[in-house]
Amino acid sequence: GKKSLRQKIVDELKHYYNGFHLLWIDTKVAARMVWRLLHGQILTRRERRRLLRTCADLFRLVPFLVFVIVPFMEFLLPVFLKLFPEMLPSTFETESKKEEKQKKKLNAKLELAKFLQETVAEMAKRNKADTG
């Protein structure tokens with residue numbers, strides 16, 4: 001059923017708490033990776049991606065904190081997220097948003113694959129016509 005206003009506020013606060021907690025954990029892990037880099041060790045591809053994602057999240061956190069700190073500014077957050085969808089740090093994304101992003105990426109990949117198949121088929125027809 002419908003949630004009460006109090007329950008919605010509690011859920012949002014839990015969401016923010018979990019997001020900041022995950023960001024803190026990612027930041028600690030990234031700091032260890034930077035320490036390893038400074039001491040001449042090489043990162044794996046997965047570690048490098050995680051380090052880049054964490055750095056990007058930390059840069060995204062600055063404008064996001066304005067919405068959290070300024071009173072009643074969080075009511076404008078959905079508007080700004082519509083205008084700038086990548087503004088939110090990755091640790092604050094919900095599962096539905098992650099699934100939506102994955103679906104968009106998959107659709108884009110399918111469209112690209114379809115285009116490439118059509119292009120290859122067209123090139124094959126041209127080559128066949130030229131040689132025939």
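By convention here, the first residue in the shown sequence is residue 1.
Atoms CG and CG, on Leu52 and Leu43 in that order, are 9.5 Å from each other to the nearest 0.5 Å. Arg36 CZ to Glu47 CD: the interatomic distance, rounded to the nearest 0.5 Å, is 4.0 Å. Lys14 NZ to Gln7 CD: the interatomic distance, rounded to the nearest 0.5 Å, is 6.5 Å. Taking CG of Asp11 as the start and CZ of Arg6 as the end, the distance is 10.5 Å to the nearest 0.5 Å. Between atom CE of residue Met33 and atom OG1 of residue Thr44 there is a gap of 7.5 Å, rounded to the nearest 0.5 Å. For the atom pair Arg53 CZ and Leu58 CG, the distance stands at 11.0 Å (nearest 0.5 Å).
In this structure, Tyr17 is not a member of the same hydrophobic cluster as Leu22, with clusters built from ILVMFWY side-chain heavy atoms closer than 4.5 Å. Phe84 and Leu76 fall within the same hydrophobic cluster, defined by Ile, Leu, Val, Met, Phe, Trp and Tyr side-chain heavy atoms under 4.5 Å apart, directly or through other members. Linking Ile, Leu, Val, Met, Phe, Trp and Tyr whenever their side-chain heavy atoms come within less than 4.5 Å leaves Val29 and Leu23 in two separate clusters. Linking ILVMFWY side-chain heavy atoms closer than 4.5 Å, directly or via other members, places Ile42 and Leu37 in two distinct hydrophobic clusters. The hydrophobic cluster containing Leu81 also contains Val66, counting ILVMFWY residues as joined when their side-chain heavy atoms lie under 4.5 angstrom apart, directly or transitively.
Evaluation of the salt bridge (Lys or Arg N to Asp or Glu O under 4.0 Å) rule for Arg32 yields no partner, not counting sequence neighbours.
Annotation for His15: atom NE2 counts as buried by contact number, over 12 foreign heavy atoms lying within 6.0 Å.
Asp57 places a side-chain N or O within 3.5 Å of a backbone atom of Ser90 that can act as its donor or acceptor partner.
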Going through the checks in order, is the side-chain contact (heavy atoms from CB on, under 4.5 Å) test met by Arg126 and Glu122? CA-CA 6 Å; Arg126 285 184 188 171; Glu122 186 68 31; 4.0 Å; yes

Please lay out, stage by stage, how Phe20 and Leu65 fare under the test side-chain contact (heavy atoms from CB on, under 4.5 Å). CA-CA 11 Å; Phe20 279 117; Leu65 279 178; 3.8 Å; yes

When you look at Asn107 and Glu111, which way does the side chain to side chain donor-acceptor pair (under 3.5 Å) test go after all the steps? CA-CA 6 Å; Asn107 284 336; Glu111 287 296 321; over 6 Å; no

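Using cut-offs of 30° and 60° for the angle between ring planes, the Trp35 and His39 rings count as tilted.
Through side-chain heavy atoms spaced under 4.5 Å, either directly or across other Ile, Leu, Val, Met, Phe, Trp or Tyr residues, Phe75 is tied to Phe72. Hydrophobic side-chain contacts under 4.5 Å tie Leu112 into a cluster, directly or through other members, with Phe115, Leu116.
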